[in-house]
Amino acid sequence: MCGITGWVSFDRDLRTAADTLDAMTETMSCRGPDDRGTWIEGPAGLGHRRLAVIDLPGGRQPMTARTPRGTVALVYSGETYNFTELRRELTGRGHRFTTESDTEVVLRGYLEWGEAVAERLGGMYAFAVWDGRHDKLVMIRDRMGVKPFFYYETPDGVLFGSEPKAILANPLARARVTADGLREMFTVVKTPGHAVWDGMREVEPGTVVTVDRAGLRRHVYWRLETRPHPDGREESITKVRSLLEDIVRRQLVSDVPRCTLLSGGLDSSAMTALAARQLAEAGENVRSFAVDFVGQSENFVADALRATPDTPYVHDVAQAAGTEHRDIVLDSHALADPEIRAAMIRARDLPTGFGDMDASLYLLFRAIREHSTVALSGESADEVFGGYLQFFDEDARAADTFPWLVRFAEHFGDDGDILRPDLTAALDLPAYIRDSYATAVAGVQRLDGESDFEYRMRKICHLHLTRFVRVLLDRKDRASMAVGLEVRVPFCDHRLVEYVYNTPWSLKSFDGREKSLLREATADVLPRSVYDRVKSPYPSTQDPKYAIALQEHVRDLLAEPAHPVFGLVDRERVARAAGRDVPQITQASRRGLERTLDLAIWLELYSPEIALS
């Protein structure tokens, strides 16, 4: 797991621009604290920061292969979980390896199969190959978009990086955000390819982007497709369990300490229990970590989203699975700390609006990094198996919009309320959401003979797997890599995603509950308390001290009337929220305060040009 960056300029020799490539590379230092390397040859320059996980001495990058027709150079971020089988196949085809790393397998795979190597890889990855034989750059991203990957076209080539900050470190890139960028920031729609920054794009999941002197081309090598599901209930349960066993086994491979993220929910509990069983076969115990807040368990108040606190269930799993467990307990002072807020904004390059859930995730990962380098997460199981409330909400099912938005403001607050009225009118966020939704559902294939209800649920599942999941995967990756922690996501294995996506909704929820297939596939390893538990989202603090701290920080901001944030937000609305008594601070007020602070810090850190026309 690493940070990659690079620059291709067909009209110049980049050896004269080594300092700029170094600056781009150094922005990725948090993603790769163990090593750094750059490589320049003619029009191409590659930069790499390494987090060493497999073959610690042998996986240095950029990695090159000399051929009679030119050099092929690679920078790679991620993990290829089937690299052992690919290595064996490539060895049989005459390739000779000098390291034990999966990076060399990917490089040799490219030499053997070219861009088609993407179709053979299983894992999470973003990598770029400069092919000196043909003077072209090839950029490839994993199927589900677990690893981030951005690029920025220039008049004579392209810039790229794991994160926008690497690209923005090059003088050719403008830190500019247009109206469409703001629309993307204030809606949870995750338009494929959209990077918010003007002129910048994401390499879309499952896509190869090639750049040569003739220009830029995209090729989709994988997409979520509709297929018949021939298996019945028992066969489906057995298949899911078999896939999970194989996936967890592959993702436990590491030459550094690993652990699991444990929330006490079905997803992380099942994954932790399976990992514990597999490691026990080798005489090892799994480490597990959970986040909690000071006083949360004792003073917990149930709401529409969270009926129970996590900690009792976490401890049930830890005891049943025999993990070496640790709770990371956070207080409101840490959650509201402006430095922590700034760290998360630097990690994501954008004011994300997840508030204390962003801060707690960053602090959790930072604490875990003191003990482990690799963590397995239950992320994405809700999207794969159908775990969210909106999958069962009749209003959300019937709405012609993204189902998670139907009750979003009700559950999390509407941070769009903080915008200046003239900006609100100019952005017209409802129209942006309508257009985005229409585009998102247009390509969902219907199975022959599929009922209207099953097709409706297929579209909802497709939206979660191609839009919503990418919001959470990006958040997870940026927060973890900001502290040099590799987080793996077993539930994003494309084999599992394809299989469960094509399982009819009647099977996904055969007992009328969420994630029926996953629950039954792992019932034998789960404590009964977890088996019976209703879905509870990632926790959020209920401590009123957190809201008080937000108000104090916003009042400090209001004392600076010339602050550029007031070019975006309505000063009077924010002032009213900052002056309310704590019992009157609604979820919408709290979210507005958090987003105002996020925007202010982002403007200070990046000084973006905001262009609405």
Across all chains, not counting sequence neighbours, the ring pair (Phe, Tyr, Trp, His ring centres under 6.0 Å) partners of Y455 are none

Q. Looking only at side chains, do T178 and D198 share a donor and an acceptor under 3.5 Å apart?
A. no

So side chain to side chain donor-acceptor pair (under 3.5 Å) across residues 548-570, not counting sequence neighbours, yields H563-E604

By side chain to side chain donor-acceptor pair (under 3.5 Å), R348 pairs with (sequence neighbours left out) D474

Report task. Report the C-alpha separation of L363 and L335 in whole Å, then their side-chain angles, then the decisive distance to 0.1 Å, and conclude whether the side chain to side chain contact (heavy atoms under 4.5 Å, CB included) test is met. Result -> CA-CA 8 Å; L363 291 166; L335 293 173; 4.3 Å; yes

Residue set satisfying side-chain contact (heavy atoms from CB on, under 4.5 Å) with D292, at least two apart, ordered chain then number -> Q296, S297, T311, V329

Residues passing the ring pair (Phe, Tyr, Trp, His ring centres under 6.0 Å) test with F402, sequence neighbours excluded, are W404, Y437

Hits for side chain to side chain donor-acceptor pair (under 3.5 Å) against R183, two or more places apart or cross-chain, chain-then-number order -> D180

Backbone N or O of L266 within a donor-acceptor pair of the K515 side chain at under 3.5 Å?
-> no

E202 meets the side-chain contact (heavy atoms from CB on, under 4.5 Å) criterion, sequence neighbours left out, with R141, F150, K190

Between the CZ atom in R595 and the CZ atom in F354, the distance rounded to the nearest 0.5 Å is 9.0 Å

- Query: With a 3.5 Å cut-off and no angle check, do the side chains of T27 and E163 form a donor-acceptor pair?
  - Reply: no

T187 meets the side chain to side chain donor-acceptor pair (under 3.5 Å) criterion, sequence neighbours left out, with none

With sequence neighbours left out, the residues meeting side chain to side chain donor-acceptor pair (under 3.5 Å) with T439 are none

Residue set satisfying side-chain contact (heavy atoms from CB on, under 4.5 Å) with I610, at least two apart, ordered chain then number -> V177, L182, L568, W602, P608, L612

Rounded to the nearest 0.5 angstrom, the CZ-CZ distance for R31 and R49 is 12.5 Å

Across all chains, not counting sequence neighbours, the ring pair (Phe, Tyr, Trp, His ring centres under 6.0 Å) partners of Y388 are H464, F468

Sequence neighbours excluded, the answer for ring pair (Phe, Tyr, Trp, His ring centres under 6.0 Å) partners of W7 is none

